[in-house]
Novice: 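Below: one structure in structure tokens.
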Amino acid sequence: MNEPTTTTQRMTVEQAADHLVACLFAGSTPPRSMTALEAIRHHCVHDCMGGDRRAVEECADAGCPLHPYRFGRRATTCPHRPTPAIRSFCLYRCMGGDAEAVVGCELSPDVDPRYSPCHLYPFRCGCNPNYAAATAGRA
């Protein structure tokens, strides 16, 4: 699959479809209740490095917003939570700076309710849906 080569290049529909098929048939679909850190780890290992955990350890892309979180835990040097990092990744690395495209992302779980084609999808707007769901009934 041809991935976008620069931080401002947007995925084509064909690349998005390839990404979807790869996720569905690789058996790497996560449960819906993943935390943001688990989603980042899963993305880095399976979507970015093709399942090679050692490559994640050796990742040299320090400019990636997900880089400090690639081990599935918050690094002590990170000044913010992982959800803004996911937002930044989706906005600049995936959608080329188009905020409307992030909100309207086509890699949603609605494609097939059993799967989430993009593990970062629930967090793409910089919010944690797990937290929002937990606090919804507290009013």
Novice: Applying salt bridge (charged side-chain N to carboxylate O under 4.0 Å, His left out), name anything that partners Asp52, two or more places apart in sequence or on another chain.
Specialist: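 Counting only residues at least two positions away or on another chain, Asp52 forms no salt bridge (charged side-chain N to carboxylate O under 4.0 Å, His left out).
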Novice: Closest approach of Pro65 and Pro68, non-hydrogen atoms and distance?
Specialist: O-CD, 3.6 Å
Novice: Taking only residues two or more places apart in sequence, or in another chain, which ones meet Tyr69 in a ring pair (Phe, Tyr, Trp, His ring centres under 6.0 Å)?
Specialist: none
Novice: Flag the pair Met49 / His43 as yes when at least one side-chain heavy-atom distance between them is below 4.5 Å, and no otherwise.
Specialist: no
Novice: Atom NE2 of His67 and atom SG of Cys48: how far apart are they, to the nearest 0.5 Å?
Specialist: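 His67 atom NE2 to Cys48 atom SG measures 10.0 Å (nearest 0.5 Å).
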Novice: Would you list the pairs meeting salt bridge (charged side-chain N to carboxylate O under 4.0 Å, His left out) in which at least one residue belongs to residues 60-83, sequence neighbours left out?
Specialist: Asp61-Arg93
Novice: Looking at CG of Leu66 and CG of Leu37, how far apart are the two atoms once the value is rounded to the nearest 0.5 Å?
Specialist: 10.5 Å
Novice: The criterion is side chain to side chain contact (heavy atoms under 4.5 Å, CB included); which residues satisfy it with Val102, sequence neighbours excluded?
Specialist: Arg87, Cys90, Leu91, Met95, Arg124
Novice: Closest heavy-atom contact between Phe89 and Cys64?
Specialist: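 In this case the closest contact between Phe89 and Cys64 is CD1-SG, 3.9 Å.
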Novice: Give a yes or no answer on whether the side chain of Glu58 reaches the backbone of Ala55 with a donor-acceptor pair at less than 3.5 Å.
Specialist: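 Answer holds: no.
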Novice: Looking at every non-hydrogen atom in both residues, tell me the closest pair between Ala36 and Phe123 and how far apart they are.
Specialist: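 Heavy atoms of Ala36 and Phe123 come nearest at N-CZ, 3.5 Å.
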Novice: If you define the side chain from C-beta out and look only at heavy atoms, does anything of Val103 sit under 4.5 Å from Cys125?
Specialist: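 Counting from C-beta outward, Val103 and Cys125 do come under 4.5 Å.
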Novice: Quick one: CD1 on Ile40 to CD1 on Ile86, what's the gap to the nearest 0.5 Å?
Specialist: 4.0 Å
Novice: Hey, are the side chains of Val56 and Arg41 touching, using non-hydrogen atoms and a 4.5 Å cut-off?
Specialist: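 Val56 reaches Arg41 side chain to side chain.
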Novice: For Glu57, enumerate each residue passing the side chain to side chain contact (heavy atoms under 4.5 Å, CB included) test, keeping only those at least two apart in sequence or located in another chain.
Specialist: Phe71
